[in-house]
Amino acid sequence: PLIVQRYKAILAHDPHDEHALHQLVAMYQQYRTVGKLEAEYRAQLAKGEDWATLVVLAELEQRTPAQALALWKRALAVKPDDALGWLAAGDAETTDARAARDAYARAARLASAPAGKRAALTKLIRAAQIAGDLATVDQAYAELIALAPNDGDLWLERGDAQLAAKHFAAAQASFAGAETRLGTDPERRLTAMMDQGIALEALGRPDDAIAQYEHTLGQVPSGYYLGQELVARMVDVDRRRPRALPRAAPGAAGAR
């Protein structure tokens with residue numbers, strides 16, 4: 001009982017302490033039941049809505065995401081500045097992508113530690129993509145890049161998202177940023193270089209696109225699969241490029 005009370009005291013101070021909750025659950029699984037532990041915490045709510053109690057119950061909730069979400073909402077009503085609570089609420093929101101997006105956005109704003117902010121922003125991107133909110137996707141990538149400005153993969157992913165959103169100039173700039181930051185990853189660097197050509201195509205700049213593809217092709221190792229794709233893209237752009245009409249020979253009109 002003394003050890004149980006010690007873990008409960010830790011959770012009363014920090015209900016997000018995963019180690020303390022794991023140890024407490026393990027003890028109840030061995031000596032009592034998890035159902036009894038839940039019942040003890042629910043009995044505490046008879047005294048009023050308590051944030052720590054509600055968080056522990058939400059973590060213990062094993063039946064349905066909807067039931068866990070209801071507990072998270074009650075906990076956040078008591079303590080709306082709980083970043084980890086908003087993150088968990090977003091995870092529990094399995095049917096409404098916009099609600100999950102909003103929860104992750106709150107978590108990102110409230111998170112103080114860089115790791116927590118990165119986790120919230122990463123989940124925010126996925127939820128916003130499902131919700132079709134491309135502006136939020138781009139803003140979240142901008143915030144992630146601010147936390148890790150030399151992460152070339154983030155620049156590449158942001159470029160892909162901007163390309164999907166038809167923000168072609170921004171995508172081209174992001175791919176260029178990725179290229180300069182992927183020096184130790186030749187494969188991803190070549191992808192970033194080719195993607196710049198794709199963005200230039202979309203911008204209606206076929207000559208610049210072909211030049212970018214040629215530049216990329218010059219960096220491709222012999223036999224590497226990307227070489228064939230680059231050649232195919234150059235041929236396709238050249239075929240679709242507007243052709244100048246042939247000039248009529250002098251005097252042709254008079255002869256007709």
His215 atom NE2: more than 12 heavy-atom contacts under 6.0 Å: yes

side-chain hydrogen bond (donor to acceptor under 3.5 Å, both in side chains) between Tyr28 and Glu38, worked out: CA-CA 10 Å; Tyr28 272 77; Glu38 285 189 31; over 6 Å; no

Criterion side chain to side chain contact (heavy atoms under 4.5 Å, CB included) on Asp208 and Leu203, from CA distance to verdict: CA-CA 10 Å; Asp208 292 336; Leu203 285 167; over 6 Å; no

Expected output: side-chain Arg181 to main-chain Pro149 donor-acceptor under 3.5 Å: yes

Euclidean distance, Leu200 CG relative to Arg205 CZ, rounded to 0.5 Å: 5.0 Å

Side chain to side chain contact (heavy atoms under 4.5 Å, CB included) evaluation trace for Arg109 with Lys117: CA-CA 8 Å; Arg109 287 196 298 269; Lys117 196 173 186 69; 5.7 Å; no

Nearest heavy atoms of Ala89 and Leu76, plus distance in Å: CB-CD1, 3.9 Å

Linked, directly or transitively: Val137 and Leu147 (ILVMFWY side chains, under 4.5 Å): yes

Joint hydrophobic cluster, Leu69 plus Leu84, side-chain heavy atoms closer than 4.5 Å: no

Minimal non-hydrogen separation, Ala199 against Phe168, with atom names: CB-O, 3.8 Å

Residue pair Thr33 / Gln29, side-chain heavy-atom distance below 4.5 Å: no

Greater than 12 external heavy atoms within 6.0 Å of Gln228's CD: no

Heavy-atom pair with the smallest gap, counting every atom of Leu11 and Tyr41: CD1-OH, 3.8 Å

Derivation of the side-chain hydrogen bond (donor to acceptor under 3.5 Å, both in side chains) call for Glu229 and Tyr224: CA-CA 10 Å; Glu229 183 175 348; Tyr224 188 55; over 6 Å; no

Derivation and outcome, side chain to side chain contact (heavy atoms under 4.5 Å, CB included), residues Gln219 and Thr216: CA-CA 5 Å; Gln219 306 294 315; Thr216 306; 5.6 Å; no

Side chain proximity check, Leu37 to Leu24, heavy atoms < 4.5 angstrom: yes

Beyond-backbone contact of Ile198 with Arg233, side-chain heavy atoms, under 4.5 angstrom: yes

Shared hydrophobic cluster, Val25 / Leu71 (ILVMFWY, side-chain heavy atoms < 4.5 Å): yes

Under 3.5 Å: donor-acceptor pair, side chain of Trp86, backbone of Pro80: yes

Euclidean distance, Glu187 CD relative to Tyr225 OH, rounded to 0.5 Å: 5.0 Å

For Leu2, the rest of its hydrophobic cluster, which grows through side-chain links under 4.5 angstrom: none

Leu54 side, atom CG; Lys79 side, atom NZ - distance, nearest 0.5 Å: 13.0 Å

Leu45 vs Arg74 side-chain heavy atoms within contact, under 4.5 Å: yes

Non-hydrogen atoms of Gln212 and Met193 that approach each other most closely: NE2-O, 3.0 Å

Closest non-hydrogen atom pair between Ala171 and Leu163, with its separation: CB-N, 3.8 Å

4.5 Å side-chain heavy-atom contact, Pro15 and Asp50: no

Cation-pi check, Lys36 onto Tyr31 ring (under 6.0 Å, within 45° of axis): no

Reported CZ-to-OG1 distance for the pair Arg188 and Thr191, which is rounded to 0.5 angstrom: 6.5 Å

Side chains of Glu59 and Glu18 in contact at under 4.5 Å (non-hydrogen atoms): no

hydrophobic_cluster_shared for Leu110 and Val55, side chain cutoff 4.5 Å: no

CA sep, side-chain torsions, deciding dist, call: Glu201, Arg240, side chain to side chain contact (heavy atoms under 4.5 Å, CB included): CA-CA 10 Å; Glu201 273 191 69; Arg240 291 185 287 107; 2.7 Å; yes

Arg101 and Glu93: CA distance, side-chain angles, deciding distance, salt bridge (charged side-chain N to carboxylate O under 4.0 Å, His left out) verdict: CA-CA 9 Å; Arg101 173 203 61 189; Glu93 188 65 79; over 6 Å; no

Same apolar cluster: Leu57 and Met27, side chain cutoff 4.5 Å: yes

Closest non-hydrogen atom pair between Tyr104 and Lys123, with its separation: CD1-O, 3.5 Å

Distance, nearest 0.5 Å, that separates CG of Leu182 from CG of Asp151: 8.5 Å

Non-hydrogen side-chain atoms of Leu154 and Glu157 separated by less than 4.5 Å: yes

Rounded distance [0.5 Å steps], CG in Asp138 versus OG in Ser174: 7.0 Å

Plane angle bin for Tyr7 and His19 - parallel if under 30°, tilted between 30 and 60°, otherwise perpendicular: perpendicular

Stepwise salt bridge (charged side-chain N to carboxylate O under 4.0 Å, His left out) check, Arg106 with Asp102: CA-CA 6 Å; Arg106 291 282 291 270; Asp102 294 343; over 6 Å; no

